[in-house]
K.L.:
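So that we are looking at the same thing, I have put the structure below in structure tokens.
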Amino acid sequence: MARVAEGGHELRRVLDEDREVDGLGEQELLELYRSMVLLRTYDERSVIYHRQGRIGTYAIFWNHEAMQAGAVHALDDEDWIFPSYRESAIGLLRGMPAATVLHWWRGHPAGWWNPSDYNLASICVPIATQVPHAAGLAWGKKLKGERACALTFFGDGATSEGAFHEGANFAGVMQAPLILFCNNNQWAISTPVSAQTHAEALVDKAVGYGIPGVRVDGGDVLAVYEATREAVERARSGGGPTFIEAVTYRAAPHATADDPRAYIDLERVEQEKQNECLGRYERYLRRLGALGDDLDKTIKDESAELMRAGITAAEAEPDADVGLLFEHAYANPPASFQAELAELRRILGGDVG
Amino acid sequence: MARVAEGGHELRRVLDEDREVDGLGEQELLELYRSMVLLRTYDERSVIYHRQGRIGTYAIFWNHEAMQAGAVHALDDEDWIFPSYRESAIGLLRGMPAATVLHWWRGHPAGWWNPSDYNLASICVPIATQVPHAAGLAWGKKLKGERACALTFFGDGATSEGAFHEGANFAGVMQAPLILFCNNNQWAISTPVSAQTHAEALVDKAVGYGIPGVRVDGGDVLAVYEATREAVERARSGGGPTFIEAVTYRAAPHATADDPRAYIDLERVEQEKQNECLGRYERYLRRLGALGDDLDKTIKDESAELMRAGITAAEAEPDADVGLLFEHAYANPPASFQAELAELRRILGGDVG
Amino acid sequence: MADLLMIEAVNDALHVELERDDTVMVMGEDVGRAGGVFRATAGLRERFGADRCVDTPLAEAGILGTAIGLCMAGFRPVTEMQYDAFSYPCLDQLITHVGRYHWRTGGGMEFPLVVRMPYGGGVRAPEMHDDSPETYYVHTPGVKVAIPSTPADAKGLLAAAIRDPDPVVIFEPKLIYRTERSEVPEGDYIVPLGKARLVRAGDDVTLVAYGAMVPLCERAADALADEASVEVLDLRTLKPLDEDGLLASVAKTGRVVIVQEAPRTAGFGAELAAILAEKAMLDLRGPVLRVTGYDVPYPYWKLEDAYMPSVERIVDAVRKLLAF
Amino acid sequence: MADLLMIEAVNDALHVELERDDTVMVMGEDVGRAGGVFRATAGLRERFGADRCVDTPLAEAGILGTAIGLCMAGFRPVTEMQYDAFSYPCLDQLITHVGRYHWRTGGGMEFPLVVRMPYGGGVRAPEMHDDSPETYYVHTPGVKVAIPSTPADAKGLLAAAIRDPDPVVIFEPKLIYRTERSEVPEGDYIVPLGKARLVRAGDDVTLVAYGAMVPLCERAADALADEASVEVLDLRTLKPLDEDGLLASVAKTGRVVIVQEAPRTAGFGAELAAILAEKAMLDLRGPVLRVTGYDVPYPYWKLEDAYMPSVERIVDAVRKLLAF
Ligand SMILES: Cc1ncc(C[n+]2csc(CCOP(=O)(O)OP(=O)(O)O)c2C)c(N)n1
Ligand SMILES: Cc1ncc(C[n+]2csc(CCOP(=O)(O)OP(=O)(O)O)c2C)c(N)n1
Ligand SMILES: [Mg+2]
Ligand SMILES: [Mg+2]
């Protein structure tokens with residue numbers, strides 16, 4: 001019975017096979033490493049900042065860095081990224097200041113950005129709803145005859161939503177240059193992927209949209225890079241969308257507010273932590289001779305410094321003015337907003353019995 | 001590349017191969033024929049009634065009778081049917097009076113029925129939204145340990161909706177005893193199936209839900225019957241849902257309000273009409289020697305009589321009382337309804353300037 | 001000037017706007033090959049090509065969701081929802097994204113998309129073809145809502161919506177698609193969002209309405225000719241609302257009946273009454289009355305005349321006010 | 001009597017109802033293994049099994065849609081939407097089917113399902129975790145809507161909803177899930193739908209509210225203690241509404257401030273004001289004022305205190321009324 005996607009369910013791997021990826025020189029390999037370290041540093045610092053009460057609830061992406069960095073490095077700057085909340089710091093790889101991302105998690109409007117400044121859509125909180133946006137953008141780029149493609153991140157749980165389905169189907173029909181990048185970390189908060197689908201693998205969903213699918217080891221940054229690059233090439237050459245299932249394991253809580261002990265197998269988590277993606281890549285680079293202690297320290301120090309500067313800048317930001325409540329709701333706002341704001345300012349200025 | 005469902009895209013056929021279906025004796029074959037004639041008669045009379053202004057806009061199902069009768073005959077009476085508007089008269093096969101269906105199209109509340117009276121859900125007008133209902137009912141039957149399964153009809157266009165996706169996925173995950181019966185008549189009003197999906201065949205969608213799929217000739221009532229019966233057996237034995245794609249062609253307008261000349265290939269329609277499903281089955285039965293002119297005339301006369309009686313009964317029905325506006329909105333209605341109804345009665349009773 | 005039906009005026013607006021700005025595109029179910037089930041988009045595909053008048057898959061959330069992405073790519077998509085009740089699957093995208101994305105970008109990016117749909121009852125249609133869902137849309141921050149009642153407004157408001165930098169939802173009263181006919185300016189023509197239309201002036205009572213309820217109010221005003229001088233105000237835009245126009249009329253007449261097809265509870269008529277209860281208390285000479293659909297599912301059509309606001313119900317309300 | 005937090009009272013109600021009636025089942029995202037992201041469903045899966053407290057796929061329309069089918073199979077499903085803004089994908093099923101199916105069967109079949117969700121702002125959460133979507137639900141015919149403001153009501157209204165033959169949507173104010181603690185009757189306990197609660201009696205002005213706005217109104221009443229005798233009315237059920245309770249209070253005080261978190265335009269406060277503008281004209285000694293959220297996206301949390309109705313804004317409104 002042909003009930004699986006092309007290539008079956010085998011995970012594509014590079015690191016463990018000690019393969020090399022065409023076209024990736026030492027320079028590029030180290031850039032990838034830098035990106036992963038930056039993301040890891042952002043994530044680990046954020047958990048601490050949260051504990052210190054300096055940012056709000058935070059969605060941890062520890063052990064997802066290989067997927068995020070691997071996928072983004074396969075894109076050009078003109079290509080668009082549509083993240084979920086799990087990729088909140090992905091902008092760092094496009095030069096966004098750490099303070100901006102920190103602001104987002106601090107609930108400060110300075111966490112806003114203009115997507116065209118980074119070719120990066122806003123963080124999408126409602127599950128899967130960004131998928132049709134990405135399909136639309138990619139379709140639009142095709143209509144304009146531009147070279148850019150789009151990539152959207154979403155989770156295993158997201159594949160159950162109608163929005164995923166409609167977006168993926170539109171992309172297939174329009175043959176939009178889109179990479180549907182599924183971060184299958186095997187959990188949607190407390191719900192295992194086995195309760196999301198009866199398919200043997202999420203990559204099988206590609207079949208129903210008539211698009212190619214590929215399954216990779218999501219802890220293997222080079223496998224992710226390679227698979228994404230192939231999908232990008234297909235997209236640019238008019239071959240339409242590709243579904244990538246990157247398989248990893250959520251080795252941290254869903255978010256700072258979550259306590260996974262109620263539902264997760266802690267031994268399995270320990271195992272996964274031993275095999276986490278950054279260490280795997282570091283060991284590969286060291287085997288290759290591309291990374292030594294000094295360079296590693298420099299890279300990690302740079303990231304730590306960037307975060308220190310980021311949080312300092314974020315905390316130096318003045319409070320948001322209440323005018324911002326009204327200011328960007330419309331490009332061309334109703335006249336009534338002015339009076340409402342004036343009244344609010346009057347009341348906030350006054351004091352109460 | 002394994003990009004298709006099990007069994008590939010071949011259409012399963014019985015009639016053209018002059019095969020016989022296990023367990024179908026002459027009696028059952030003629031019952032099937034009776035059902036198809038009944039549906040055909042209902043449909044053709046309805047188009048006339050519409051022209052005569054006796055019913056409203058009507059969704060024609062000419063050349064869909066093989067799918068409808070074939071599928072329903074594979075069910076037992078305890079099994080539930082969830083129709084779209086395209087199967088509006090499917091209740092006739094469960095003993096529903098023709099007048100009830102005619103009322104529905106006449107916009108008369110006497111077109112309402114209690115689904116448990118026929119194990120038949122209401123006609124579903126919004127595309128694909130009945131699919132999760134069917135999944136829920138089937139799941140519920142399984143939870144109760146009952147034997148019944150469910151079958152839901154939907155079109156090719158419906159497969160693009162999020163509601164289809166979520167319902168199919170739930171059914172897969174819950175391993176609900178459900179038959180997802182897709183009437184692929186190749187058009188959604190004016191939109192061809194090639195604009196709905198990039199998959200080679202709709203049956204490929206089964207793969208993404210991890211459920212078996214089968215593709216049949218939708219103009220071949222015995223092929224439809226056989227495929228559905230297998231799916232029913234699977235459902236009853238705990239094998240979960242099955243996706244059936246029945247391929248046919250919409251040889252009539254979408255509905256009485258539609259003029260397909262703007263978008264359809266009229267030659268193709270002519271061809272399809274030549275090969276319409278009732279004639280195909282009639283010829284098979286005649287080849288088999290199961291049907292002769294006399295019997296055929298009796299069956300057709302019975303159906304015609306049933307329709308005559310149906311429209312007479314429908315038109316003899318008194319006007320609906322305005323009280324029905326309020327009566328069934330809630331099982332336990334707000335107190336305010338009484339006053340609103342009283343006021344409405346007062347105004348309708350009075351007269352104006 | 002051309003003498004057009006409302007549906008023709010919609011079609012005209014789309015032709016003019018697609019001609020004027022090549023980032024404007026039309027997308028929806030059956031808008032291309034068939035030209036729309038009401039023929040609102042007829043001729044566009046032939047004239048502007050299948051890429052600018054797109055037959056989409058049957059997926060309303062997908063239509064609105066991809067339209068957001070198309071905005072990001074620089075387009076101004078005009079989406080069609082085939083019927084009122086079939087727009088509900090798009091509400092999630094509307095509320096979570098269409099109304100928030102401009103704000104979420106700190107004002108950096110615009111989402112000049114349009115959602116247009118035929119709406120309302122009285123057309124003897126099967127279930128789910130008769131809803132008046134404007135409350136769901138108008139309650140949603142970040143979107144604007146307009147509802148024409150004449151062919152000229154159908155053209156002008158749609159053109160204004162297409163050119164507006166914000167998302168605009170246009171409800172087209174299908175009951176009067178082919179009954180209202182009037183002079184419509186040719187070519188470039190705009191009716192600015194946010195300005196009500198004084199349909200007829202009067203001194204004793206104001207009937208406030210929009211969409212297909214406007215001609216109904218005119219009929220009610222005719223029926224009342226011997227009893228009262230009736231003013232009829234067509235809001236044209238629900239958001240932004242012409243509050244000044246509303247208050248000015250009520251300041252003059254002191255009596256008001258609000259007419260709305262949608263179910264009563266928390267319909268837009270409630271908002272109008274609430275505004276009056278806050279800002280026109282001293283002007284009012286009687287209660288603010290609403291003539292609305294009921295809080296029940298829209299009935300099967302043999303009963304729809306009893307559900308819909310009628311001349312009789314409006315006249316009754318006005319008489320109550322005059323007798324107050 | 002037990003001394004419970006609101007979230008514990010919800011959990012208690014579910015335990016009692018699942019025990020009482022084995023057709024009752026709970027379903028939603030993370031309600032089983034994790035016991036709900038707020039722990040509303042904690043312990044149910046252990047006690048009643050995975051088939052009666054079901055972790056569903058991540059699909060809100062699928063949850064509500066399958067719940068309809070489960071009703072047809074004889075169950076009383078209690079669905080959870082994980083957060084307010086994540087309920088929007090279920091609106092299509094709610095409007096097209098949940099609110100219409102009983103009617104569509106000519107009253108033959110009942111759909112005793114419940115939709116419960118935490119809602120509202122003030123909790124310092126990321127975007128989309130703060131909405132007050134009650135208007136979308138209360139405007140929809142065929143569904144009932146209840147919103148508790150105390151632990152006892154959270155239990156009693158939920159139990160009533162589960163036993164009610166009609167679909168009921170319950171909004172639970174997450175802001176006070178763990179701040180409101182009070183005596184809750186043990187075991188079988190019902191608060192009937194459709195009865196408001198007089199929180200405190202007063203003579204000069206009525207504050208009308210529901211959910212987390214009720215304790216806020218109490219604080220405002222305290223702040224006004226030296227200036228006015230303030231009555232606080234908790235509606236508890238928005239549909240069916242206790243119109244008599246509302247009118248009786250306003251008949252007494254003649255002044256009313258309606259407090260609602262949701263955006264202003266066509267919010268439920270508008271409906272309340274409209275009812276008063278129709279039925280309490282002669283009782284009112286001043287305009288009907290609304291203190292509400294604004295018609296803008298719910299802000300990022302550094303700004304949320306300015307968006308939410310506050311003691312200051314309520315006091316200001318009351319003073320305006322007293323000075324009128
Ligand atoms: C529409 C919607 N429903 C529910 C939620 C609440 N929620 C937040 S994260 C999450 C799980 C997502 O799982 P998955 O898609 O696997 O992504 P992951 O968090 O594992 O990256 C849920 C249910 C939401 N954000 N949006
Ligand atoms: C949610 C929704 N959107 C749009 C429509 C309008 N509509 C009615 S039938 C139809 C086409 C359906 O095509 P398909 O699913 O192939 O079924 P068929 O009519 O061919 O049987 C459309 C778009 C609808 N009924 N519901
Ligand atoms: Mg996940
Ligand atoms: Mg079809």
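Please read all numbers here as calculations on a predicted model, not as lab measurements. Convention: sequence-line order gives letters A, B, ...; per-chain numbering from 1.
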K.L.:
Using a 4.5 angstrom heavy-atom cutoff, name the option from Glu29(C), Arg264(C), Glu304(C), Lys320(C) with the most pairs to chain B.
P.N.:
Lys320(C)
K.L.:
Spell out the residues in residues 119-128 of chain C that have some non-hydrogen atom less than 4.5 Å away from a non-hydrogen atom of chain B, in order of number; otherwise answer 'none'.
P.N.:
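So the qualifying residues are Pro126(C), Glu127(C), Met128(C).
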K.L.:
Might you point out which heavy atoms bring Arg33(C) and Pro192(B) nearest each other, and give the distance in Å?
P.N.:
CZ-CD, 3.5 Å
K.L.:
So which of Gly162(B), Ala195(B), Ala128(B), Ser336(B) has the largest heavy-atom pair count under 4.5 angstrom toward chain C?
P.N.:
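Of the candidates given, the most pairs with chain C belong to Ala195(B).
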K.L.:
Please state whether the side chain, the backbone, both or neither of Ile127(B) comes within less than 4.5 Å of a heavy atom of chain C.
P.N.:
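It is the side chain, since no backbone atom gets that close.
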K.L.:
Determine whether more than 12 heavy atoms belonging to other residues, nucleotides or ligands lie under 6.0 Å from atom CD of Glu267(B).
P.N.:
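Result for CD/Glu267(B): open.
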K.L.:
Go through the atoms of Glu46(C) and report whether side chain, backbone, both or neither lie under 4.5 Å from a heavy atom of chain B.
P.N.:
neither
K.L.:
So for Trp105(B), is it side chain, backbone, both, or neither that comes closer than 4.5 Å to the heavy atoms of chain C?
P.N.:
both
K.L.:
Any side-chain heavy atom of Leu324(B) within less than 4.5 Å of one from Leu303(C)?
P.N.:
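In contact.
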K.L.:
Check each atom of Ser310(C) against the heavy atoms of chain B and say whether the ones under 4.5 Å are side chain, backbone, both or neither.
P.N.:
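Contact with chain B involves no heavy atom of Ser310(C) at all.
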K.L.:
Once rounded to the nearest 0.5 Å, what's the spacing between atom CD1 of Ile347(B) and atom CZ of Arg313(C)?
P.N.:
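Reported value, rounded in 0.5 Å steps: 6.5 Å.
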K.L.:
Report the distance from atom CZ of Arg346(B) to atom CG of Asp316(C), rounding to the nearest 0.5 Å.
P.N.:
4.0 Å
K.L.:
Heavy-atom distances under 4.5 Å only: say whether Tyr58(B) touches chain C with side chain, backbone, both or neither.
P.N.:
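Contact with chain C is absent: no heavy atom of Tyr58(B) under 4.5 Å.
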K.L.:
If we only count heavy atoms from C-beta on, is the His328(B) to Val296(C) side-chain gap below 4.5 Å?
P.N.:
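In short, these two side chains do not touch, never coming nearer than 4.5 Å.
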K.L.:
Quick check on the interface: out of Ala262(B), Gly111(B), Gly157(B), who has the most heavy-atom pairs with chain C under 4.5 Å?
P.N.:
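Ranked by heavy-atom pairs under 4.5 Å with chain C, first place is Gly157(B).
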K.L.:
For Asp30(C) versus Ala188(B), what's the shortest heavy-atom pair and its separation?
P.N.:
OD1-O, 3.2 Å
K.L.:
State, to 0.1 Å, how close Tyr330(B) and Asp295(C) come at their nearest heavy-atom pair, and which atoms those are.
P.N.:
CE1-O, 4.2 Å
K.L.:
Which residues in residues 310-323 of chain B have a heavy atom less than 4.5 Å from any heavy atom of chain C?
P.N.:
Ala320(B), Asp321(B), Val322(B)
K.L.:
Relative to chain C, which of Arg106(B), Glu340(B), Glu343(B) shows the most heavy atom pairs under 4.5 Å?
P.N.:
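Among Arg106(B), Glu340(B), Glu343(B), the one with the most close pairs to chain C is Arg106(B).
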K.L.:
To check you understand the geometry: which heavy-atom pair defines the closest contact between Leu348(B) and Ala306(C), and what is its length?
P.N.:
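Where Leu348(B) meets Ala306(C) most closely, the heavy atoms are CD1-CB, 4.4 Å.
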K.L.:
Taking atom OG1 of Thr129(B) and atom CZ of Phe86(C), what is their separation to the nearest 0.5 Å?
P.N.:
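Thr129(B) OG1 to Phe86(C) CZ: 9.0 Å, rounded to 0.5 Å.
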K.L.:
Verify, without hydrogens or angle tests, whether Gln196(B) (side chain) and Leu58(C) (backbone) share a donor-acceptor contact under 3.5 angstrom.
P.N.:
yes
K.L.:
Would you indicate whether the side-chain heavy atoms of Trp112(B) and Tyr300(C) approach each other to under 4.5 Å?
P.N.:
yes
K.L.:
Is any side-chain heavy atom of His129(C) closer than 4.5 Å to one of Thr57(B)?
P.N.:
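No, too far: nothing below the 4.5 Å cut-off.
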